[in-house]
Every structure is written in structure tokens, then in C-alpha cells.
Amino acid sequence: MKITRKNKDALNSTISIILKQTDFSDNVMKVLKDYQKKANIPGFRQGHVPIGLIKNKYETSIIADEVNKILQETLTKYIQKEKLEILGNPMPILKENINWKSQEITFDFEIGLSPNFELKLKSKKSLVQYKIEADSKMVNEQLFYLQKKYGKLEAKTKIIKSEEVSVQFLNQENEVRKNGIIELTLIKNKKIIDLLKSSKINDTIEVKAKDLFKNENDYNRLIGIPFEKINKPNSTIKILINEINLRKPAELNTDFFNKLYKHGKIKTVTELKNKIKNEIEKQYENQSDQKLFNDVTKFLTDINKFNLPKDFLIKWMQNSREKPLSEEESKQEYVKSEKGIRYQLIEEKIIISNKLQIESAEMKSFAKEIVKNQMAQYGRLDPEEKELEGIVNNIFKNKDEAKRLSDQLISKKLLKFYKENLVLKVKKVNYESFIKEAYSSKQ
């Protein structure tokens with residue numbers, strides 16, 4: 001066997017492998033003899049079919065299979081030994097006729113090489129890092145929500161303005177009999193609001209389904225039927241009123257503070273509002289971080305200019321699927337994928353150059369932290385180490401889940417690197433301004 005490589009240019013090479021009959025003949029004969037033992041051919045007892053007959057029937061396909069195994073193994077080892085950084089996979093240069101009986105057979109493969117480029121992290125233009133601040137309106141709304149959540153219910157006999165009405169929805173057409181809680185603020189039609197206000201406990205009203213809720217999602221959430229299914233001119237819903245309650249907000253006192261946080265942690269309304277403000281802003285960090293990550297991806301792709309083996313990649317995309325693409329389809333696929341390929345190369349260079357690779361112990365610790373946070377949401381604040389180990393080990397048995405966690409951790413490390421090494425301009429905005437500015441059509 002002989003293997004050589006010829007460079008067409010800096011990004012394209014051809015690997016040639018010359019195989020001799022002796023490189024695969026022993027394996028071929030071994031497979032043929034195995035076939036001979038198992039073959040069922042009329043006129044011959046099993047295991048006694050002449051080897052010449054087996055050769056005539058199967059030899060060519062067996063040679064092709066064995067040669068393919070050798071070529072794949074040889075290519076892999078050669079690429080690893082030569083430390084070639086390739087894009088896609090080696091593509092065989094097809095030949096119309098191969099003489100499998102020839103003493104030497106040459107196989108050629110095209111490869112596309114990763115470009116060698118100098119990484120740039122800075123330019124004259126700085127990137128915006130948004131810091132979303134919770135304004136007083138947002139804090140007060142969240143505070144009022146918590147007061148209502150921990151408040152007391154007072155039974156009422158009439159619906160006036162902000163009562164919670166426990167009802168049963170009835171719709172014969174869709175076999176609906178579902179309990180729910182509504183408020184007047186959810187109702188779309190004023191006539192239905194007036195009808196509810198004039199009703200009392202145990203009354204049943206019938207209304208046009210399409211006129212009931214302002215938000216179409218409420219049909220699914222409260223009744224269990226998508227709006228599209230119930231949006232018919234003559235479709236009606238009966239509403240049986242079971243209870244009318246007014247939720248009286250909890251008073252802003254020590255008892256309320258202690259229900260929200262550990263005893264004595266919050267002592268004043270000002271401290272509580274500051275705590276709520278910090279919690280809201282913490283929730284928004286992920287959103288601003290994702291925006292920053294997206295902007296950094298575009299920024300680095302724009303400032304790092306390098307060539308790709310375009311023609312090779314188009315051809316590889318055309319033939320790498322189970323159903324080959326047309327030439328035009330593969331060109332379109334390349335256009336869609338090009339920026340992603342470029343950023344992937346930049347990201348790999350950053351990871352290797354700055355030693356951001358994930359160690360197994362680091363991955364395990366990260367997975368445990370995620371599991372602990374998830375368990376805390378269900379009141380499990382101090383799980384045993386043995387239990388955590390078991391859960392994490394089961395996670396890593398699932399390749400898709402393990403990859404998802406690995407991607408999360410590497411993104412976290414990259415984001416930290418970007419914040420520390422790129423020129424960022426911190427901009428403080430409220431949430432509404434963030435949405436308008438960060439995701440406007442001009443971006």
C-alpha cells in the first residue's frame with residue numbers, strides 16, 4: 001500500500017491510495033470461505049459448494065467491501081497522523097470502471113482544508129452589551145402580583161370589577177366540561193362583561209365563543225380548545241358561575257416578607273423592592289447575554305476574513321446526503337451555511353488558542369449544578385451527593401443530552417471570554433427599550 005497527497009492550492013488537496021492485491025486478498029478469501037460454509041445453492045449440500053462457484057458469484061462485491069474498509073481506515077489514520085484539519089469528509093473521485101483483478105488499484109480522494117488565518121478580536125467599532133434594568137413600574141407590578149398571590153380570598157355575591165370568578169365552561173359540540181378561573185379583564189366583548197356583572201352564583205350564561213376572550217391563547221389555556229376550532233359564527237359556550245371571590249392583597253408587613261424569603265432577610269418595603277428588582281434583572285441576563293452572543297458571532301465573522309474551499313464544500317454538500325442535491329440546491333445550501341462554517345472555524349480557534357476546552361470533571365460539576373437548580377425548584381434544596389452522581393451518570397448515557405449540556409457549558413465559557421476580551425460598551429435600558437432597540441428591523 002502507498003499513500004500520497006498532492007496540494008492543488010492552499011485549501012484543496014488530493015489523497016491517492018494505491019492498493020495491491022496482497023493488501024486485501026487474504027481478507028477476501030476469508031470472507032469467501034465463510035460464504036462457502038453458509039451458502040445454500042441448489043445441487044450442493046450446505047458447506048460443500050465449490051469455492052470457484054462462490055468466487056464467480058460473490059468475489060467482486062466482497063473485494064469492493066473489503067477495499068472500502070481498508071480505504072476508510074487508511075484515510076482516517078493518515079489524516080490524524082498528518083494532523084490535517086479538513087472541512088466535510090474526503091470525497092472519492094469516481095471512476096467508471098475499476099479492474100478489481102489488477103495487481104495495483106489507485107483510489108483518489110478530494111479533501112477541503114481548513115484555512116489558516118490570524119484571529120482578530122477587535123476593531124474600531126465596539127459592541128453593545130445591554131444591561132436590562134427593571135423600572136419602578138415593573139417592580140411595582142411584580143410586588144402587586146406577589147401580594148395577590150399571598151393574599152386572602154373574600155367570598156362575594158356579585159361581579160363588580162376585579163373579582164376572580166370560578167366557572168365551568170360547557171360546549172356540547174366539542175364535548176367540553178372544564179373548570180377555570182376568569183376575570184373581567186380577560187373578556188373581549190362588553191356585552192359579555194355586562195352579562196357577567198348582572199349574574200350571580202349558580203347562574204348560567206350562553207355567549208358566542210368567538211367573542212369571549214381578548215387573547216386567542218386563553219381559549220386553549222382555560223377551555224382546552226384552540227381558537228381556530230371554536231371560531232365559528234354559531235358556536236357558543238355556556239358559562240356556569242360557581243364562585244365569586246375578591247382576592248385581597250397581602251399587607252406589606254413582616255409576615256408577608258417572611259413568607260417570601262427566609263425569616264428576617266427582608267425587613268422593609270424598600271429592601272423588598274430592591275430584592276425584586278435584582279431578581280427581575282437576573283432573569284433578563286440570559287436574554288441580554290443571548291443578544292450579545294449573537295452580535296459577537298456576526299461581529300467576529302465580519303472582521304475575520306479568510307477563504308474557504310467553496311467549490312469542494314458545494315460538491316460535498318451535494319453528495320453528503322442520502323438523497324443527493326442538485327447543483328443549484330447545493331449552491332443555495334452553501335450560501336445558507338457559509339457564515340455558520342466561518343464562525344465555527346473562528347470559535348474553534350478561540351477555544352484552542354485560549355484553552356477553553358471542557359474537562360470531564362468540569363462537565364460533571366456543571367451538570368450537577370443544573371440538576372441541583374432544577375431540584376430546588378421542586379423544594380429539594382439539599383440533595384445527597386450519591387443521588388446527584390446517579391442522576392448525572394444517567395444524563396451522560398444519553399448522547400443527545402450530554403451534547404446539549406456540553407454545548408451549554410462551552411457557550412458559557414465563550415461568553416465569559418468575550419466579555420473579558422472584546423471591546424464592549426455597556427448600555428442600560430429598560431425591557432421595553434431593549435426589545436425595540438435590540439430587535440428592531442434595522443438590526
Kindly indicate whether the side chain of [X], heavy atoms from C-beta on, has any atom under 4.5 Å from the side chain of [Y].
{"X": "F396", "Y": "M363", "result": "yes"}
{"X": "Q21", "Y": "V28", "result": "no"}
{"X": "N171", "Y": "K238", "result": "no"}
{"X": "I111", "Y": "T14", "result": "no"}
{"X": "L127", "Y": "V423", "result": "no"}
{"X": "N304", "Y": "L121", "result": "no"}
{"X": "L212", "Y": "I239", "result": "yes"}
{"X": "N319", "Y": "S330", "result": "no"}

Identify which one of L11, L308, L87, L84 satisfies the side chain to side chain contact (heavy atoms under 4.5 Å, CB included) criterion when paired with S114.
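Filter result, single survivor: L87.
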Heavy atoms only: give me the nearest [X]-[Y] pair and the separation to one decimal.
{"X": "L325", "Y": "E329", "value": "CA-OE1, 3.5 Å"}
{"X": "F366", "Y": "L405", "value": "CE2-O, 3.6 Å"}
{"X": "G112", "Y": "P309", "value": "CA-CG, 4.0 Å"}
{"X": "V139", "Y": "K273", "value": "CG1-O, 3.8 Å"}
{"X": "E281", "Y": "A134", "value": "OE2-N, 3.0 Å"}

To the nearest 0.5 angstrom, please state how far the [atom1] atom of [X] sits from the [atom2] atom of [Y].
{"X": "R221", "Y": "L186", "atom1": "CZ", "atom2": "CG", "value": "6.0 Å"}
{"X": "N174", "Y": "I225", "atom1": "CG", "atom2": "CD1", "value": "4.0 Å"}
{"X": "L32", "Y": "E66", "atom1": "CG", "atom2": "CD", "value": "9.5 Å"}
{"X": "N278", "Y": "E133", "atom1": "CG", "atom2": "CD", "value": "10.5 Å"}
{"X": "E369", "Y": "L409", "atom1": "CD", "atom2": "CG", "value": "12.0 Å"}
{"X": "Q142", "Y": "I280", "atom1": "CD", "atom2": "CD1", "value": "5.0 Å"}

Evaluation steps, side chain to side chain contact (heavy atoms under 4.5 Å, CB included), between L170 and V176
CA-CA 5 Å; L170 304 162; V176 171; over 6 Å; no
State plainly whether the residues E420 and K416 are in salt-bridge range, i.e. N to O under 4.0 Å.
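So E420 pairs with K416 through a salt bridge.
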Using a strict cut-off of less than 4.0 Å between a Lys/Arg side-chain nitrogen and an Asp/Glu carboxylate oxygen, indicate whether D295 and K291 qualify as a salt bridge.
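Looking at D295 and K291, the cut-off is met.
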Show me the pairs that pass side-chain hydrogen bond (donor to acceptor under 3.5 Å, both in side chains) and involve residues 394-409, at least two apart or across chains.
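Passing the test, one end in residues 394-409: E401-R404, K403-D407, R404-Q408.
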Could you list all the side-chain hydrogen bond (donor to acceptor under 3.5 Å, both in side chains) pairs where at least one residue sits in residues 35-57, not counting sequence neighbours?
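Counting only pairs at least two positions apart or across chains, the side-chain hydrogen bond (donor to acceptor under 3.5 Å, both in side chains) contacts touching residues 35-57 are D34-K38.
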Is it the case that over 12 heavy atoms from other parts of the model lie below 6.0 angstrom from the [atom1] atom of [X]?
{"X": "E387", "atom1": "CD", "value": "yes"}
{"X": "E385", "atom1": "CD", "value": "yes"}
{"X": "F293", "atom1": "CZ", "value": "yes"}
{"X": "Y261", "atom1": "OH", "value": "yes"}
{"X": "K412", "atom1": "NZ", "value": "no"}

For the side chain of [X] and the backbone of [Y], is there at least one donor-acceptor N/O pair under 3.5 Å apart?
{"X": "N68", "Y": "A64", "value": "no"}
{"X": "E279", "Y": "I276", "value": "no"}
{"X": "N430", "Y": "S433", "value": "yes"}
{"X": "S288", "Y": "E285", "value": "yes"}
{"X": "K305", "Y": "D302", "value": "yes"}
{"X": "S102", "Y": "I105", "value": "no"}
{"X": "K178", "Y": "F169", "value": "no"}
{"X": "R5", "Y": "I15", "value": "no"}
{"X": "K428", "Y": "I132", "value": "no"}
{"X": "K214", "Y": "T185", "value": "yes"}

Distance alone, cut at 3.5 Å: any donor-acceptor contact between the side chains of [X] and [Y]?
{"X": "N294", "Y": "Q290", "result": "yes"}
{"X": "N220", "Y": "N217", "result": "no"}
{"X": "N189", "Y": "K208", "result": "no"}

Hey, can you tell me if F434 and Y130 have their rings parallel, tilted or perpendicular (30° and 60° cut-offs)?
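Because their plane-to-plane angle is over 60°, the rings of F434 and Y130 count as perpendicular.
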Side-chain donor-acceptor pairs of residues 342-358 under 3.5 Å, sequence neighbours excluded:
from	atom 1	to	atom 2	distance (Å)
R342	NE	E338	OE2	3.1
R342	NH1	F306	O	2.5
R342	NH2	F306	O	3.3
R342	NH2	E338	OE2	2.9
Y343	OH	E347	OE1	3.1
Y343	OH	Y418	OH	2.8
K349	NZ	F117	O	3.1
S353	OG	K349	O	2.7
N354	ND2	I350	O	2.9

Only pairs under 3.5 Å count here: list side-chain donor-acceptor contacts from residues 230-237, not counting sequence neighbours, and write none if there are none.
from	atom 1	to	atom 2	distance (Å)
K232	NZ	E173	OE2	2.9
T236	OG1	E206	OE2	2.8

Give every residue pair that meets the salt bridge (Lys or Arg N to Asp or Glu O under 4.0 Å) criterion with at least one member in residues 85-110, sequence neighbours excluded.
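Listed once each, the pairs are K8-E110, E59-K101, E110-K315.
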Please test D135 against K277 for salt bridge (Lys or Arg N to Asp or Glu O under 4.0 Å), starting from the C-alpha separation and ending with a verdict.
CA-CA 8 Å; D135 54 28; K277 177 180 169 67; over 6 Å; no
Might you work through the side chain to side chain contact (heavy atoms under 4.5 Å, CB included) test for E327 and Q318, ending with a clear yes or no?
CA-CA 7 Å; E327 186 176 351; Q318 183 177 2; 4.2 Å; yes
Verdict with supporting geometry, M375 and I391, side chain to side chain contact (heavy atoms under 4.5 Å, CB included)
CA-CA 11 Å; M375 294 176 78; I391 295 171; 4.2 Å; yes
Sequence neighbours left out, what passes ring pair (Phe, Tyr, Trp, His ring centres under 6.0 Å) with Y219? Give chain and number order.
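For Y219 the ring pair (Phe, Tyr, Trp, His ring centres under 6.0 Å) partners, ignoring immediate neighbours, are F213, F227.
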K188/N215 under side-chain hydrogen bond (donor to acceptor under 3.5 Å, both in side chains): CA gap, chis, key distance, verdict:
CA-CA 8 Å; K188 176 182 178 181; N215 191 332; over 6 Å; no
